[in-house]
Amino acid sequence: MFKKLKEDIEVIFEQDPAARSYLEVILTYSGLHAIWSHRLAHALYKKRFYFLARAISQISRFFTGIEIHPGAVIGRRLFIDHGMGVVIGETCEIGDNVTIYQGVTLGGTGKEKGKRHPTIKDNALIASGAKVLGSITVGENAKIGAGSVVLREVPPNSTVVGIPGRIKVQNGQKVNKDLNHANLPDPVADRLKELEDEIITLKKELAELNQEKERSKNQHGYSVI
């Protein structure tokens with residue numbers, strides 16, 4: 001247990017350049033407080049002290065703004081950056097070395113029973129405001145872009161962005177380790193470009209029809225509809 005607690009601190013120094021001292025991290029990092037509270041709550045949950053476990057999780061939510069159900073299974077070296085608004089559901093499973101930013105929801109769709117929350121594999125990164133919903137798996141080394149809504153399986157070594165989430169980068173293409181959001185593909189801009197191309201094509205076809213109509217009118221002396 002103490003080894004895990006130490007790892008929870010060490011990963012913050014690795015991931016956050018703003019971390020300056022152990023005292024600062026231990027006293028001021030809400031993500032760390034939420035993880036440590038969850039480890040206690042989860043231990044009680046496994047022993048069937050459900051009310052006490054849930055009470056601890058709700059007290060932690062009040063102080064940190066991070067809601068982790070005590071039934072969720074969390075691996076080693078989870079890093080929750082800032083963390084306000086993060087929600088992790090009861091049947092969620094999170095592997096090792098996972099990074100989660102503020103506003104992330106790992107929730108259900110309201111349709112499943114039993115295992116109804118996501119499984120996040122090792123080394124995954126879920127950026128600010130992303131929603132991963134349902135009993136799906138996010139593969140190893142996958143990255144979920146900011147604001148994305150993911151409802152389907154995410155293969156390993158993939159980058160998913162957009163609403164609904166679509167795979168934009170997969171094996172064979174370099175992915176920025178720090179997930180520079182400014183360099184992610186923009187599905188909205190891509191769709192607008194497609195619509196613009198369609199409008200240009202329709203205008204061209206309309207112009208050709210008008211020209212054909214004028215030629216027919218000149219040849220026959222009347223308009224052909």
Side-chain angles (χ1 to χ4, degrees), residues 1-108 115-134 138 142-150 178-179:
M1 175 60 73
F2 287 104
K3 183 179 180 181
K4 280 188 177 181
L5 298 181
K6 184 179 179 182
E7 288 177 342
D8 291 335
I9 297 174
E10 289 174 347
V11 72
I12 292 174
F13 284 101
E14 294 174 11
Q15 298 266 19
D16 188 359
R20 294 180 175 83
S21 70
Y22 281 95
L23 184 62
E24 176 188 11
V25 168
I26 292 171
L27 294 181
T28 67
Y29 274 65
S30 60
L32 180 65
H33 301 158
I35 292 169
W36 281 357
S37 296
H38 172 74
R39 297 205 187 282
L40 174 58
H42 184 65
L44 293 169
Y45 187 88
K46 290 194 297 183
K47 294 182 181 297
R48 300 181 181 272
F49 293 111
Y50 298 127
F51 176 78
L52 184 56
R54 196 59 190 266
I56 291 173
S57 72
Q58 289 303 298
I59 292 171
S60 173
R61 175 180 178 271
F62 177 81
F63 284 105
T64 67
I66 300 168
E67 181 173 349
I68 307 175
H69 193 285
V73 177
I74 292 179
R76 298 164 59 184
R77 297 169 57 82
L78 171 65
F79 176 51
I80 300 178
D81 194 12
H82 298 291
M84 179 62 69
V86 167
V87 177
I88 299 175
E90 178 184 12
T91 62
C92 188
E93 299 176 27
I94 299 176
D96 298 335
N97 299 302
V98 172
T99 299
I100 295 175
Y101 287 89
Q102 67 271 18
V104 166
T105 297
L106 305 179
K115 180 71 168 75
R116 60 191 185 278
H117 299 106
T119 296
I120 313 298
K121 295 291 188 177
D122 297 349
N123 306 307
L125 185 151
I126 306 176
S128 305
K131 314 300 177 188
V132 184
L133 306 176
V138 176
K143 294 178 173 61
I144 309 299
S148 300
V149 177
V150 181
D178 296 327
L179 191 63

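- L44 contributes atom CG, which lies 14.0 Å from atom CZ of R54 (distance to the nearest 0.5 angstrom).
- Contact annotation: the side chain of L133 approaches that of T105 to within less than 4.5 Å [non-hydrogen atoms, C-beta and beyond].
- The number of heavy-atom neighbours closer than 6.0 Å to CZ of F63, taken from other residues, nucleotides and ligands shown, is 12 or below.
- Within the 3.5 Å criterion, the main-chain N or O of I94 finds no donor-acceptor partner in the side chain of K121.
- The backbone N or O of I56 sits nowhere less than 3.5 Å from a side-chain atom of S60 that would complete a donor-acceptor pair.
- Note that the CD1 atom of I126 and the OG atom of S148 stand 10.5 Å from one another [nearest 0.5 Å].
- Within 6.0 Å of atom NZ in K46, 12 or fewer heavy atoms from other residues, nucleotides or ligands are found, so the atom counts as exposed in its surroundings.
- Between S30 and H82, the closest heavy-atom pair is OG-O, 3.0 Å.
- Taking both residues in full, the closest heavy atoms of I144 and A130 are given as CG2-CB, 3.8 Å, listed atom of the first, atom of the second, then distance.
- No side-chain heavy atom of L125 sits under 4.5 Å from any side-chain heavy atom of V98.
- Looking at residues two or more places apart in sequence or on another chain, you find a side-chain hydrogen bond (donor to acceptor under 3.5 Å, both in side chains) between E7 and R76.
- Atom CG of L78 sits about 5.0 Å away from atom CD1 of I100, to the nearest 0.5 Å.
- Between I68 atom CD1 and C92 atom SG the span is 9.5 Å, to the nearest 0.5 Å.
- Residues L106 and V87 fail the side-chain proximity criterion, which asks for heavy atoms closer than 4.5 Å.
- Using a 4.5 Å heavy-atom threshold, the side chains of W36 and L5 count as touching.
- For the pair A127 and A146, the tightest heavy-atom approach, listed with the atom from each and the gap, is CB-N, 3.5 Å.
- Scanning both residues, D122 and G95, for their nearest heavy atoms gives OD1-CA, 3.4 Å.
- The two residues A53 and A41 come nearest to each other via the heavy atoms CB-O, 3.2 Å.
- With sequence neighbours excluded, the residues that form a side chain to side chain contact (heavy atoms under 4.5 Å, CB included) with F13 are I9, A19, Y22, V25.
- Pairs engaging residues 56-65 under the salt bridge (Lys or Arg N to Asp or Glu O under 4.0 Å) rule: R61-E67 [sequence neighbours left out].
- Within the structure, the side chain to side chain donor-acceptor pair (under 3.5 Å) test picks out the following pairs touching residues 89-100 (sequence neighbours left out): Q15-T99, Y45-E90, R77-N97, E90-R116, T91-H117.
- Legend: residues meeting side-chain hydrogen bond (donor to acceptor under 3.5 Å, both in side chains) with S37, ordered by chain and number and at least two apart, are absent.
- Listed by first then second residue, pairs satisfying salt bridge (Lys or Arg N to Asp or Glu O under 4.0 Å) with a partner in residues 16-34 number zero, not counting sequence neighbours.
- Nearest heavy-atom pair across A124 and I120 is CB-CG2, 3.6 Å.
- Here the side chain of H38 pairs a donor or acceptor atom with the backbone of A72 at under 3.5 angstrom.
- Judged by distance alone, the side chain of T64 and the main-chain N or O of I66 form a donor-acceptor pair under 3.5 Å.
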